[in-house]
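Notes follow the structure.
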Amino acid sequence: MRNQPRIWNVLCLVLLGAAVVWSQSYTAAMRGLVTDATGAAVPGAKVVATEADRNVQHNAVTDGLGRYVVTALPPGNYTLTVEASGFKKFAQSAFPLAVQQQATLDVQLQVGDITATVEVHGTTPLLNTTISNLGLVVENKIMISMPNIGRNPLGLIYMTPGVVGSAGRRGDTNTNFVANGSRNSTSDVLLDGVTVTTVEQNSGITDLKYTPSVDAVQEFKMQTNFFSAEYGQTGGAVINMVTKSGTNEFHGTGFYFLRHADLNSNNWFSNRSGRQIPYYRRDQVGGVIGGPVRRDKTFFFADYEYTKAKSPLGYTSPWPTLEQHTGDFSKTFTTGGQLIAIHNPFDTFVNASGAVERRPFAGNQIPRSMFDPVAVKAASFFPKANQVTNAVTNTNNWFMEDISRSPGMKMDFKGDHNFTEKSRLTGRYSHSRGQGTPPNLFGQDNPAYTFNDGPNFSRSHSAVADFTRVQSATTLWTFRYGLVYSTYARNAMVPFDLTSLGLPKYMKDNATYSVFPTFAPEGYQDIGTEGWLIMDRQEGVHQFSGSLNKMIGGHNIKVGGEMRKFFLDYLQPGYPSGQFTFSSQTTRRDLFAGSNT
């Protein structure tokens, strides 16, 4: 019976260790050896790691060999004290612990009265002698000091050795990068220990749904190799971000950033051709604030960022000329100057070789009597040519440019509460929203706009609740829930009634959306709602995880489990009101092959 508790402990460890995926961790840990002046171990010494900015203590006791371990330490600055009977108190001044850092700090005690204190100011960088993963920690000071034109923390991931942009590109601020040769767009991004990515349907690539303001991130670690067992949801790298927390002092920052085309220089080629600098403006304003709700116990941190951007949007396309609108193709030539003959598809004959041919229209002009009324109405929505780039072929005879507007905001609120020295709770809620308003380059309220632009909006939510319980000096529990939820919608510029073109009512009744149908004549830019433009998408992840840290002798055993429940509601119709395509084969001489020249 004496061994029964020990048997139950072993069984619990075995059951927990059977979990397929282990819980994610963003916290730091510290371990070391406490000895006397002769190098002999000091058992039973009280070790206290204290968060320097919040006066929150994390306790441990050395074992029979003088070893100690303190785990689940939020990244930040710490002080360390060690006390043992018959020795002077040891006090180490503030030193930093980074995200996922496994630091080693050995302590040598001096014989004397415990009321006396040996203070150590400054320390060499703490070595990591326990884990072998590769990566780079980027702290907030670097994020806000280095050039970061988009003010996005993930813009600095390329500082990590072995990380390059996909297909040689650099500057992407999502998961589209390659880490040490792994496949791009397969990395996981964790924010305060929970994922902020979803998985793209039918592809396996990860899709980043939320990124906090660079002013809200305390630091992040770009981990590229040698992952521990708890990181099982990545095919590339793991980006582990930690947001800031409140401290015992109130701190706040306000900011305003401006980017404007008038402050930029033109490039050499634009100067040579006499082109002006394209219009661009981006305004970003916001601030952060944090502090105590109850000193040494409850803290808060909040931030808000609003961004408003204006940038040019333009297209060049080939449209039918005014003559072609009237059926006159007498000036329609190939690049070699040959006339493109138009043949009557309803006027055929059998030539001497027995092949069916069509006769050309007189003067290369289609008589109005043959115009289809639906086609006439649809053709009236084609933009009119406004430039001459090639007087022979009239290709790219239209150009239009206007301003696209993209306002957006993001915010975070984080709270930390210490119930006792053994129990603490951390929670965070984050929200972002964006909107895109591209210009209708065909003209106000023209429903036939064809390019892959449309009014759009996005909403993202991210939340985490993290509870940590120190059961004893050698046992620690962590439970965590996370949620990321994102919506995105994009619509056509203007709704449209199909029957106004003369199309039958049954097409309107069966249309998925009431938008302008696509008309695509060969050799010209099509008009109408672009295929797969309309989108309505909601997706997210529920994440549940828990872990147990147990120190047994000189071994630190961590077991746990994680479950992620993905959900997706996705609508993206191809051509919701239909698509009409017109091949040049219809007006060629040969019924089945050949050309119009």
Side-chain angles (χ1 to χ4, degrees), residues 25-30 46-60 70-81 91-99 101 103 119 121 139-141 143-144 153 191-194 212-220 240-255 285-305 410-431 462-470 476-482:
S25 177
Y26 64 93
T27 54
M30 184 168 55
K46 181 181 179 182
V47 180
V48 180
T50 304
E51 298 179 41
D53 298 324
R54 300 196 292 184
N55 198 32
V56 176
Q57 296 183 347
H58 305 266
N59 302 318
V70 188
T71 61
L73 298 175
N77 292 318
Y78 285 82
T79 62
L80 182 72
T81 61
Q92 171 68 56
S93 62
F95 57 91
L97 288 179
V99 56
Q101 183 175 357
E119 295 186 358
H121 296 277
E139 60 182 15
N140 183 261
K141 182 179 179 180
M143 296 181 208
I144 62 177
L191 184 60
D192 295 327
V194 297
S213 168
V214 67
D215 294 270
V217 178
Q218 179 173 325
E219 61 190 31
F220 73 83
N240 216 326
M241 285 192 291
V242 180
T243 56
K244 293 180 179 178
S245 296
T247 66
N248 272 331
E249 303 292 335
F250 286 99
H251 295 281
T253 303
F255 57 83
V285 61
V288 301
I289 187 170
V293 177
R294 183 179 175 186
R295 292 181 62 85
D296 300 342
K297 198 171 186 68
T298 308
F299 311 91
F300 80 95
F301 179 84
D303 69 278
Y304 178 84
E305 179 181 283
K410 60 179 62 177
M411 56 168 286
D412 304 276
F413 182 83
K414 185 177 182 180
D416 299 274
H417 178 69
N418 297 282
F419 297 98
T420 65
E421 290 185 356
K422 294 187 176 183
S423 301
R424 69 175 185 266
L425 176 67
T426 295
R428 173 188 53 79
Y429 170 73
S430 303
H431 174 61
S462 172
V464 60
D466 185 304
F467 177 75
T468 301
R469 168 71 179 176
V470 180
L476 181 142
W477 295 88
T478 299
F479 302 95
R480 187 177 301 131
Y481 167 74

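The basis for the numbers below is simple: all heavy atoms, side chains too, and nothing from hydrogens, waters or symmetry mates.
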To check you understand the geometry: which heavy-atom pair defines the closest contact between V288 and F301, and what is its length?
CB-CZ, 3.8 Å
Going by salt bridge (Lys or Arg N to Asp or Glu O under 4.0 Å), name the residues that satisfy it together with D303, two or more places apart in sequence or in a different chain.
none
How long is the straight-line distance from OG1 of T298 back to CG of D416, given to the nearest 0.5 Å?
9.0 Å
Between the NZ atom in K244 and the CG atom in D53, the distance rounded to the nearest 0.5 Å is 11.5 Å
One should read off an interatomic distance between F300 CZ and T247 OG1, to the nearest 0.5 angstrom, of 9.5 Å
Test your reading of the model: is there a side-chain donor-acceptor pair from N140 to the backbone of V214, 3.5 Å cut-off?
yes
Tell me, please, which residues at least two apart from H417 pass ring-ring contact (aromatic ring centres under 6.0 Å, His included).
F419
Minimum heavy-atom distance K414-T243, with the two atoms named
NZ-O, 3.1 Å
Is there side-chain contact between F95 and L80, with heavy atoms separated by less than 4.5 Å?
yes
Quick one: salt bridge (Lys or Arg N to Asp or Glu O under 4.0 Å) partners of E219, sequence neighbours excluded?
none
Do M143 and Q218 pass the side chain to side chain contact (heavy atoms under 4.5 Å, CB included) test, and can you show the C-alpha distance, the side-chain angles, and the key distance before you say yes or no?
CA-CA 9 Å; M143 296 181 208; Q218 179 173 325; over 6 Å; no
For D215, the salt bridge (Lys or Arg N to Asp or Glu O under 4.0 Å) test, sequence neighbours excluded, returns R151
Set out, in order, the CA-CA distance, both residues' side-chain angles and the distance that settles side chain to side chain contact (heavy atoms under 4.5 Å, CB included) for S245 and R54, then state yes or no.
CA-CA 10 Å; S245 296; R54 300 196 292 184; 3.7 Å; yes
Nearest non-hydrogen partners of P212 and M241, listed with the distance:
CD-CE, 3.9 Å
Give the minimum heavy-atom separation between A94 and A52, together with the two atoms involved.
CB-CB, 4.4 Å
Once you round to the nearest 0.5 Å, how far does CG of L73 lie from NE2 of H58?
5.5 Å
Pair T478-R469, side-chain donor/acceptor within less than 3.5 Å:
no
Should E305 and F255 be marked as a side chain to side chain contact (heavy atoms under 4.5 Å, CB included) after you check the CA-CA gap, both sets of side-chain angles, and the distance that decides it?
CA-CA 9 Å; E305 179 181 283; F255 57 83; 3.9 Å; yes
Atom pair CG (D192) and OG (S462), whose distance is rounded to the nearest 0.5 Å:
8.0 Å
Are more than 12 heavy atoms from other residues, nucleotides or ligands located less than 6.0 Å from atom NZ of K297?
yes
Run the side chain to side chain contact (heavy atoms under 4.5 Å, CB included) test against Q57 and tell me which residues pass, sequence neighbours left out.
V48, T50, N59, E421
Are the side chains of E51 and N77 in contact, using a 4.5 Å heavy-atom criterion?
no
If you measure only the distance, is there a donor-acceptor pair under 3.5 Å linking the side chains of T420 and N418?
no
Do the ring planes of F479 and F467 sit parallel (below 30°), tilted (30 to 60°) or perpendicular (above 60°)?
parallel
Minimum heavy-atom separation for F299 to V56, with atom names?
CE1-CG2, 4.1 Å
Nearest 0.5 Å, please: how far is OH in Y26 from CG in N240?
9.5 Å
Can you name the residues that form a ring-ring contact (aromatic ring centres under 6.0 Å, His included) with F413, not counting sequence neighbours?
none
Atom of T27, atom of P75 and distance for their closest heavy-atom approach:
CA-CD, 4.4 Å
Is there a side chain to side chain donor-acceptor pair (under 3.5 Å) between N248 and D296 once you walk through the steps?
CA-CA 7 Å; N248 272 331; D296 300 342; 2.7 Å; yes
Do you see a donor-acceptor pair shorter than 3.5 Å between the side chains of R428 and T426?
no
